[in-house]
Amino acid sequence: YDSPLPDWAWVGLKLPEPARVTDIEYLFRTDDNNIREGDVYELFYFSENGLVFLGKQTGEKTGVLYYNGAPSNALFWLRNTTRGQEERVFTYENEKQVFW
C-alpha cells in the first residue's frame, strides 16, 4: 500500500470471519534493500591489498546479519546475491551503520 497522502493515511483489513490477530509486521517503504529472509548475502571490506571476503550468509526473519572477524575502521560492501541491485559502501561509527 502506498498512500498519496503524507500523513493520516490508514489501511484496513477485512477478514471473512472474526479472527484473533496475534502478530502484525510493518515494513516501511523501501527500494527493497533490507535484509530479507532467504536471500543470500556476501560481506566484503576494503583493505590495502584489495577486497577481503568475510563470508556468505542467508538472511533470517530478524533482518540482521552477524559476521565474525570484521575489522573496526573499515569500509564495507554488502552484496545481496539473490536480488540486490542497489549497493552502497558503509562504515560503522559509534555502533551505527553509516552509508557513503
Side-chain angles (χ1 to χ4, degrees):
Y1 172 74
D2 186 8
S3 172
L5 305 173
D7 296 311
W8 303 105
W10 67 278
V11 174
L13 177 64
K14 183 178 180 181
L15 302 173
E17 57 188 51
R20 179 182 297 237
V21 177
T22 59
D23 291 310
I24 294 176
E25 189 170 328
Y26 173 78
L27 299 173
F28 53 89
R29 184 169 39 188
T30 175
D31 288 335
D32 196 23
N33 290 328
N34 300 330
I35 304 300
R36 293 178 56 124
E37 184 176 13
D39 284 7
V40 177
Y41 298 87
E42 296 177 336
L43 182 64
F44 300 85
Y45 70 91
F46 293 86
S47 76
E48 292 178 359
N49 300 321
L51 278 177
V52 177
F53 180 61
L54 283 172
K56 187 179 282 195
Q57 290 188 26
T58 301
E60 297 183 9
K61 190 172 185 173
T62 62
V64 179
L65 299 172
Y66 293 99
Y67 284 89
N68 294 321
S72 58
N73 299 321
L75 184 64
F76 296 97
W77 175 33
L78 182 68
R79 295 188 59 231
N80 179 335
T81 63
T82 305
R83 73 179 86 219
Q85 293 190 8
E86 294 182 14
E87 301 167 352
R88 291 174 60 190
V89 294
F90 63 94
T91 56
Y92 266 99
E93 299 175 19
N94 300 317
E95 300 186 24
K96 294 189 179 195
Q97 191 175 21
V98 178
F99 289 98
W100 295 91

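Not measured: the values here are computed from a predicted model. Here, residue 1 is the first one in the sequence, and each next residue gets the next number.
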With rounding to the nearest 0.5 Å, note down the distance linking CZ in Phe90 to CG in Leu43. 5.5 Å
Grouping ILVMFWY residues whenever side-chain heavy atoms fall under 4.5 Å, the cluster of Trp8 otherwise contains none
For Glu95, what residues pass the side-chain hydrogen bond (donor to acceptor under 3.5 Å, both in side chains) criterion, not counting sequence neighbours? none
side-chain contact (heavy atoms from CB on, under 4.5 Å) between Tyr41 and Thr81, worked out: CA-CA 6 Å; Tyr41 298 87; Thr81 63; over 6 Å; no
side-chain contact (heavy atoms from CB on, under 4.5 Å), that's the test. Do Tyr45 and Leu54 meet it? Break it down for me. CA-CA 8 Å; Tyr45 70 91; Leu54 283 172; 3.7 Å; yes
Treating Ile, Leu, Val, Met, Phe, Trp and Tyr as nodes and any side-chain heavy-atom pair under 4.5 angstrom as an edge, say whether Val89 and Ile35 lie in one connected cluster. no
According to side-chain hydrogen bond (donor to acceptor under 3.5 Å, both in side chains), does anything in residues 47-75 pair up with another residue at least two apart or in another chain? List the pairs. none
How would you list, by chain and number, every residue that makes a ring-ring contact (aromatic ring centres under 6.0 Å, His included) with Phe44, sequence neighbours excluded? Phe53, Trp77
Of all heavy-atom pairs between Ala70 and Phe76, which one has the smallest distance, and what is that distance? CB-CE2, 3.9 Å
Could you go through the side-chain contact (heavy atoms from CB on, under 4.5 Å) check for Trp100 and Arg88 one step at a time? CA-CA 7 Å; Trp100 295 91; Arg88 291 174 60 190; 5.9 Å; no
Give, for atom CG of Leu78 and atom CD of Glu87, the distance between the pair rounded to the nearest 0.5 Å. 8.0 Å
Besides Leu15, the hydrophobic cluster formed by Ile, Leu, Val, Met, Phe, Trp and Tyr side chains linked at under 4.5 Å, directly or via other members, contains Leu13
Any donor-acceptor pair under 3.5 Å linking the side chain of Asn80 with the backbone of Thr82? yes
Thr22 meets the side chain to side chain contact (heavy atoms under 4.5 Å, CB included) criterion, sequence neighbours left out, with Arg20
Determine whether a donor-acceptor pair (N or O, by modelled atom type, separation under 3.5 Å) exists between the side chain of Thr91 and the backbone of Ala74. no
